[in-house]
Amino acid sequence: MQELLETGAELEKVAGGSVWAEGPVWIPDSRVVRYSDIPNNRILQFSEESGELSVYREDVEFTNGRTLDLDGSVVQCSHGKRAVERDRGGVVEVIVDGWAGTRLNSPNDVVVKSDGTVWFTDPSYGIQKPTEGHPGELEYGDHYVFRFDPRDGSVCPVVVDVEMPNGLAFSPDESLLYVADSGLAPPGGNRDPDRPGGHSIHVYDVFDGRLCKNGREFVQVDPGLPDGFRVDEHGNVWTSSYDSVQVFDPPGERVARVPVPEKISNVCFGGVDGRTLYVTASSSLYRIRTTVRDAAAVLRSAR
Ligand code: MG
């Protein structure tokens with residue numbers, strides 16, 4: 001397989017000052033990486049052009065993961081609102097905050113499929129950790145992955161068997177959905193032997209563009225756990241872990257590892273050519289040059 005990193009590429013720290021940086025997305029129009037600093041309850045932006053970090057918004061109800069919608073607006077998760085919301089040019093509106101008469105827990109990460117549907121994970125960190133939201137109850141009693149269809153307003157659970165669904169992404173042709181489980185103790189730790197995997201990324205076949213079946217473990221991630229991740233145009237999964245960005249090919253073999261000096265939460269591809277990997281890791285934002293682009297960005301540009 002081709003080299004995944006540019007020859008001579010080195011990890012570079014480009015910004016600091018966060019408590020827990022998460023939820024990065026590249027915004028092409030303004031050439032910035034926008035990301036959450038969850039405990040500080042604010043959203044930051046790093047400008048690739050100026051090299052400067054700025055505060056985009058404060059008092060944001062503990063936003064977490066985010067992605068670009070098909071129209072270029074930003075879709076993001078809000079622990080505090082227990083919702084997924086849209087930021088279009090600084091105007092924020094909730095797009096989904098409940099299912100079957102109950103409130104969501106605390107949406108964590110989100111992707112938009114090429115048909116415009118919004119898929120998001122709903123673990124309970126934001127109602128458990130006072131530094132990341134507001135204490136609250138599990139109203140539907142579990143942690144699901146949901147699909148929201150803006151065409152008819154419907155909300156449906158699509159994955160119900162992951163302990164703590166966290167990051168998620170589709171394969172390049174959207175025939176597979178990957179979901180990280182950050183809920184179980186690591187391999188060899190204090191875990192229930194009857195439960196599948198531990199600190200794993202699971203994969204599901206997507207039928208009819210909306211049904212997830214045949215769930216199975218894709219990889220176990222060690223050390224630490226998989227939080228956010230992205231899939232590149234060749235189907236490789238670039239995931240967070242405790243000490244490195246780890247890259248797994250479609251069969252699940254680890255093919256690259258980028259050590260990072262802080263605990264990693266998430267990654268996104270960005271830069272003018274889409275081949276710079278940005279990494280949110282605890283207090284900092286890092287980047288490294290790669291040879292690949294985000295699968296979803298390539299799919300959209302082909303349409
Ligand atoms: Mg996450």
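Any value given below was found using the heavy atoms of this structure, including those in side chains, with hydrogens, waters and symmetry copies removed. Note that ligands are numbered from 1 as they come in the structure, with each ligand's atoms numbered from 1 the same way.
Closest to the Mg ion (ligand 1) among the N, O or S atoms of D227 is OD1. When you scan the N, O or S atoms of E22 for the one nearest the Mg ion (ligand 1), you land on OE2.
Taking a cutoff of 4.0 Å between a charged side-chain nitrogen and a carboxylate oxygen, E93 and R86 qualify as a salt bridge.
A cation-pi arrangement, defined by a distance under 6.0 Å to the six-membered ring centre and an angle within 45 degrees of its axis, is absent between R275 and F269.
Within a 6.0 Å radius of CD in E12, more than 12 heavy atoms belonging to other residues, nucleotides or ligands are found.
Computed with the Mg ion (ligand 1) at the centre, the N166 OD1 to N108 OD1 angle is 70°, stated to 10 degrees.
Ring centroids of F148 and W119 are separated by 6.0 Å or more, keeping the two rings apart.
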